[in-house]
Every structure is written in structure tokens, then in C-alpha cells.
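A short worksheet on the structure shown next.
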Amino acid sequence: MNLSVASWSEDAARMLSASCSKSAVSGPEDYRQLLERDPSAVLYRLDDGDGAAIGFFILRVEQFSGGSEGVILAAAARAPGVDLVELLLPAFERLLGDVSSFRVTTFRPGLIRKLKNRGWTQTHVVMRKAAK
């Protein structure tokens with residue numbers, strides 16, 4: 001498998017739509033616009049080694065008064081039989097560089113469990129309700 005910097009594409013839009021499926025107000029177009037206006041946000045593509053895309057990820061480093069935080073803004077991938085968290089989390093942490101902490105938002109209980117097993121701590125819960 002190969003992880004590389006990518007340009008926005010229909011494949012990225014299609015795959016990343018899964019990462020915003022629980023949002024009533026945002027979608028892949030918002031990711032595209034974010035990548036256009038924020039040079040600190042980077043789109044990565046994971047391929048299967050034969051050139052077929054199996055995932056896309058958006059990473060960014062945010063600066064705060066107490067240090068910098070590496071953020072996994074969006075992630076969507078599928079590779080049957082492969083634990084992508086085990087494979088990709090160390091790669092994301094390396095790509096995000098010398099930061100004080102890492103952050104990810106997820107609605108997936110299984111991912112929360114895996115992250116906790118790797119030393120991550122749950123700090124917030126976000127709740128939403130459609131206005132209409």
C-alpha cells in the first residue's frame with residue numbers, strides 16, 4: 001500500500017462522503033473548499049499498490065498558544081482484511097510531524113475503542129440535532 005499527497009478528485013469526493021454522512025450541513029464539497037483555502041490542510045491518497053485508490057485522508061496542523069495539534073480532519077478507506085487503524089495511525093502521526101498532541105473526531109465506537117487502546121483520550125462528545 002502507498003500513501004501519497006493527492007489532488008482533489010471525484011474518487012476523493014466519493015470516498016470522503018462517508019466521513020460526513022452523519023452531518024446535516026457538510027459534505028465533500030466543503031472538504032474541497034477547505035483544501036483550496038487552507039494551505040495547512042493536505043489531502044492524502046492510499047492506494048493498494050497497484051494504483052487503485054482505497055482511501056483518502058485530510059490532515060492539518062493547527063497552532064495554539066500552548067503548542068501545535070495534528071488533526072485528522074477526514075478519513076475514509078476500505079481494505080478488506082486489513083486493520084487500517086493499525087496501519088495508518090502511525091503514518092498519520094509521522095506525517096503530522098513535531099506537534100504537542102493529535103486530534104480526531106469520530107462517530108464510530110469501534111474507532112474510539114481502538115484509539116483508546118493506543119493511548120488516545122476522549123475529551124469531548126459532540127451532539128447535533130437538525131433544526132427542522
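Every heavy atom of this structure was used, including side-chain atoms; hydrogens, water molecules and symmetry mates were not.
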Heavy-atom side-chain contact between Thr105 and His124 under 4.5 Å: no
Donor-acceptor contact below 3.5 Å, side chain Asp48 vs main chain Asp50: yes
Minimum side-chain heavy-atom gap Val25-Asp30 below 4.5 Å: no
Close aromatic pair by centroid cut-off 6.0 Å: Phe56 and Tyr44: no
Value rounded to 0.5 Å, distance of CG in Leu43 from CZ in Phe57: 9.5 Å
Worked check of side chain to side chain contact (heavy atoms under 4.5 Å, CB included) between Leu46 and Asn2: CA-CA 6 Å; Leu46 179 67; Asn2 302 310; 5.9 Å; no
Point-to-point distance, once rounded to the nearest 0.5 Å, from CG of Leu111 to NZ of Lys116: 11.5 Å
Residues Glu86 and Arg118 bridged, charged N to O under 4.0 Å: yes
Residue pair Tyr31 / Ser26, side-chain donor-acceptor N/O under 3.5 Å: no
Check against side chain to side chain donor-acceptor pair (under 3.5 Å), Asp11 and Ser9: CA-CA 5 Å; Asp11 281 344; Ser9 66; 5.0 Å; no
Closest heavy-atom pair and its distance - Ile54, Met15: C-CE, 3.4 Å
Heavy-atom side-chain contact between Arg103 and Val71 under 4.5 Å: yes
Glu36 vs Leu34 side-chain heavy atoms within contact, under 4.5 Å: no
Pairwise side-chain contact, Leu89 with Ile72, heavy-atom cut-off 4.5 Å (strictly under): yes
Closest heavy-atom pair and its distance - Gln122, Ile112: OE1-CG2, 4.0 Å
Beyond-backbone contact of Arg45 with Asp47, side-chain heavy atoms, under 4.5 angstrom: yes
CG on Leu73 to SG on Cys20, rounded to 0.5 Å: 12.0 Å
Basic-acidic side-chain contact under 4.0 Å: Arg14, Glu10: no
Side-chain ion pair, Lys114 and Asp83, N-O less than 4.0 Å: yes
Derivation and outcome, side chain to side chain contact (heavy atoms under 4.5 Å, CB included), residues Leu115 and Arg113: CA-CA 5 Å; Leu115 291 170; Arg113 195 170 35 259; over 6 Å; no
Contact check, side chains of Val42 and Ile58, non-hydrogen atoms, under 4.5 Å: no
Min side-chain heavy-atom separation Leu59-Phe92 under 4.5 Å: yes
